[in-house]
Amino acid sequence: MERTRALTVYLIGPCLLYAAAFVIVLTQFSDVVATSTLRMSHTIFAAVIAVILLVKRDELSADR
């Protein structure tokens, strides 16, 4: 897979989906969501992105 496509599929797409879900949750359910829940979801998302970066580093590197 070429680098720009890999960036879109593995990083940009998931970040945009997470951002959209984050905005929807905060606008629709702001009274239900606690700070600890937001921190936990950010931590889990960061861990998922870190795993993607580790696993797909060859496709995402600029060396090719």
Side-chain angles (χ1 to χ4, degrees):
M1 182 180 303
E2 64 185 46
R3 183 174 185 260
T4 55
R5 176 101 171 119
L7 283 172
T8 303
V9 170
Y10 298 126
L11 292 178
I12 296 171
C15 287
L16 288 175
L17 287 174
Y18 181 74
F22 183 74
V23 168
I24 290 170
V25 166
L26 283 182
T27 56
Q28 300 297 320
F29 309 106
S30 61
D31 54 338
V32 178
V33 178
T35 305
S36 61
T37 306
L38 292 176
R39 285 183 183 152
M40 183 179 59
S41 65
H42 287 326
T43 303
I44 291 169
F45 181 73
V48 168
I49 291 297
V51 168
I52 290 173
L53 287 173
L54 287 172
V55 171
K56 300 294 182 180
R57 73 179 145 225
D58 292 337
E59 292 181 47
L60 296 170
S61 68
D63 294 338
R64 297 196 307 165

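Predicted model only: the values in this text are computed from it and were never measured. Side chains are part of it too, since the values below use all heavy atoms of this structure and drop only hydrogens, waters and symmetry mates.
- Taking Ser36 as the reference, nothing meets the side-chain hydrogen bond (donor to acceptor under 3.5 Å, both in side chains) condition, with sequence neighbours excluded.
- Between Lys56 and Glu59, at least one side-chain N (NZ, or NE/NH1/NH2) sits under 4.0 Å from a carboxylate O, which counts as a salt bridge.
- For Thr8, the side-chain hydrogen bond (donor to acceptor under 3.5 Å, both in side chains) criterion is met by no residue, not counting sequence neighbours.
- Grouping Ile, Leu, Val, Met, Phe, Trp and Tyr residues whose side-chain heavy atoms lie under 4.5 Å apart, directly or via other members, places Val51 in a hydrophobic cluster with Val55.
- The same ILVMFWY cluster, assembled from side-chain heavy atoms under 4.5 Å apart, contains both Ile52 and Val9.
- Residue Leu54 belongs to no hydrophobic cluster, having no ILVMFWY side-chain heavy atom closer than 4.5 Å to its own.
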Only distances under 3.5 Å count here; give the side-chain donor-acceptor pairs of residues 40-50 to other protein atoms, sequence neighbours excluded, each with its distance to 0.1 Å.
residue : atom : partner : partner atom : Å
Ser41   : OG   : Tyr18   : OH           : 3.3
Ser41   : OG   : Thr37   : O            : 3.3
Ser41   : OG   : Leu38   : O            : 2.9
His42   : ND1  : Tyr18   : OH           : 2.7
Thr43   : OG1  : Arg39   : O            : 2.8

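- Atom CZ of residue Arg5 and atom CD1 of residue Ile12 lie 11.5 Å apart, to the nearest 0.5 angstrom.
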For residues 28-35, tabulate all N or O donor-acceptor pairs below 3.5 Å that involve a side-chain atom, not counting sequence neighbours.
none

